[in-house]
Amino acid sequence: MSAIMPTYGRLPVTFASGAGAYLTDQKGRQYLDALSGIAVTNLGHSHPSVTRAVTEQAESLLHTSNLYGIAQQERLAAELNQLTGMERIFFCNSGAEANETAIKMARRHGHNKGIANPQIVVLEGAFHGRTMGALSATGSAAIQAAFKPLLPGFIRIARNDTEALEALVKTRDDIVAIHLEPVQGESGIYPLDHAFLVRARELCDQEDWLLSFDEVQSGNGRCGALYVFQRLGIIPDVLATAKGLGNGLPIGACMARGRASDLLVAGDHGTTYGGNPICCAAASAVINALSADQLWDRADIIRTAIFEGLDSEIADGDLIRDRRGLGLMIGIEPTVPTDNLVRMALDRHLLINVAGGNTIRLLPPLVMNTDDARHVGATVADIVNSLKDA
Ligand SMILES: *Cc1c(COP(=O)(O)O)cnc(C)c1O
């Protein structure tokens, strides 16, 4: 019996070290990493400036408390605000917690307006995390069923359903926010329609709702901008992120601007570890490395190379039903069953993932070179070809 709760379906490999887009297992075998620890190591493994920042910080101070000033936290907040146009940030330790913060902000916004039972609009196919609030906002019956009762206060509509949004304006007076991933990740990589997001922004302005983006997965350079909203040109009031922010150190952030930035006040929210010196030092190094030469511009270059590799190897174009995503959130939906695909890729020393049941999910790091990116696409094609023949 394992000493660890069996909450994960783990692959039979254990890594000992990593550099750039490569991981090395305990037996010294190298693997090409096209998953980045699920959108975390966007700068690759063992990025020198992150390693240096963590090492230097570890030598002077790991933790104090949010009872005191934390210089590293203030510096990181100033850097993020400067790069995003956001105005105030709450730091936490994960994506779920960043979303919990956004949910509490939305409810606080409602109570400030005298709405006793504030409702947040969320989408089908959404994934916001595993804590009870974030799980309730998530749109997956499979991961919710065993943990009912869920938190009330969420109204779910189909993704891109502008009409449903308009109908809510007419029929309800208790909505306070729309919370969504501009590019849905876990449900199979679905970028939302631009027109839907534009309308969501307009309705939020008109109705005094908060537009709240979950960029836990899409953010931190992954989709061809520091945050996707900057590429889309649709500015949210609240921006939740985590994953790539620490490149492996656990840190999340809930950023806010305008009227959203004054919502949470002393006593409303807190965390022991959130914004601690070492995670903030790591995140500052990440943000500076990403923005120094706009590393996110590599996202589309790597994406193109992956599809070149895929197209050059695929036996028949009809084997690929759909390809979706933005930058380095890539969804490839084949017509063959995807059940064994991750394991077959592992056997070929390539790390990939399947999301939404039938979609190959690729989340490579921004530092992958184009030869390796072509190899990722070609290997995926090769596996799909072999499943067709099987
Ligand atoms: C991974 C993810 C989360 C949850 O993040 P954790 O750090 O695992 O709590 C929330 N939202 C989105 C969009 C994610 O991809």
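Computed over heavy atoms, backbone and side chain alike; hydrogens, waters and symmetry mates excluded. Counting starts at 1 for both ligands and their atoms, following the listed order. Computed from a predicted model, the values in this text were never measured in an experiment.
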Could you see if L328 belongs to whatever hydrophobic cluster contains I189? Use Ile, Leu, Val, Met, Phe, Trp, Tyr and a side-chain cutoff under 4.5 Å.
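Yes, because L328 and I189 connect within a single hydrophobic cluster, where side-chain heavy atoms sit under 4.5 Å apart.
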
For ligand 1, is any non-hydrogen atom under 4.0 Å from [X]'s backbone (N, CA, C, O), its side chain (CB onward), both, or neither?
X: A242; answer: neither
X: H128; answer: backbone
X: I38; answer: neither
X: R130; answer: neither

Might you check, step by step, whether the distance between atom 8 (O) of ligand 1 and some protein heavy atom is under 4.0 Å?
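For atom 8 (O) of ligand 1 the answer is no, since every protein heavy atom stays at 4.0 Å or beyond.
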
Considering only NZ, NE, NH1 and NH2 on the basic side and carboxylate oxygens on the acidic side, decide whether D300 and R231 come within less than 4.0 Å.
yes

Answer yes when D237 and R201 have at least one side-chain N-carboxylate O distance shorter than 4.0 Å, and no when they do not.
yes

Looking at every non-hydrogen atom in both residues, tell me the closest pair between Y190 and E333 and how far apart they are.
OH-OE1, 4.4 Å

Between L211 and A200, what is the shortest heavy-atom contact and its length?
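Heavy atoms only, the tightest pair is CD1-CB, 4.2 Å.
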
Is there a donor-acceptor pair closer than 3.5 Å between any side-chain N or O of T335 and the backbone N or O of R321?
no

Enumerated ligand 1 atoms positioned under 4.0 Å from heavy atoms of N99:
10 (C), 11 (N)

Which of the atoms in ligand 1, numbered in the order shown and given with their element, are less than 4.0 Å from a heavy-atom of S94?
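Selected atoms, number and element: 7 (O), 9 (O).
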
Considering only protein heavy atoms, which is closest to [atom], and at what distance to one decimal place?
atom: atom 4 (C) of ligand 1; result: A96 N, 3.7 Å
atom: atom 5 (O) of ligand 1; result: G95 CA, 3.3 Å
atom: atom 11 (N) of ligand 1; result: D214 OD2, 2.7 Å

What about F127: any of its N or O atoms under 3.5 Å from an N or O on ligand 1?
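Between F127 and ligand 1, an N or O pair is found under 3.5 Å apart.
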
Contact check: E181 vs ligand 1, nitrogen or oxygen atoms, below 3.5 angstrom
no

Kindly identify the option in Q184, E97, E186, K243 whose heavy atom sits closest to atom 2 (C) of ligand 1.
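Nearest heavy atom to atom 2 (C) of ligand 1 lies in K243.
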
I'd like to know whether the aromatic ring centres of H45 and Y22 sit less than 6.0 Å apart in this structure.
no

Aromatic ring proximity, centroids under 6.0 angstrom, Y227 and F213:
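Here the rings of Y227 and F213 have centres that are no less than 6.0 Å from each other.
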
Would you verify whether the NZ or CZ of R159 falls within 45 degrees of the ring axis of F196 while also being under 6.0 Å from that six-membered ring's centre?
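Negative - R159 is either too far from the ring of F196 or too far off its axis.
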
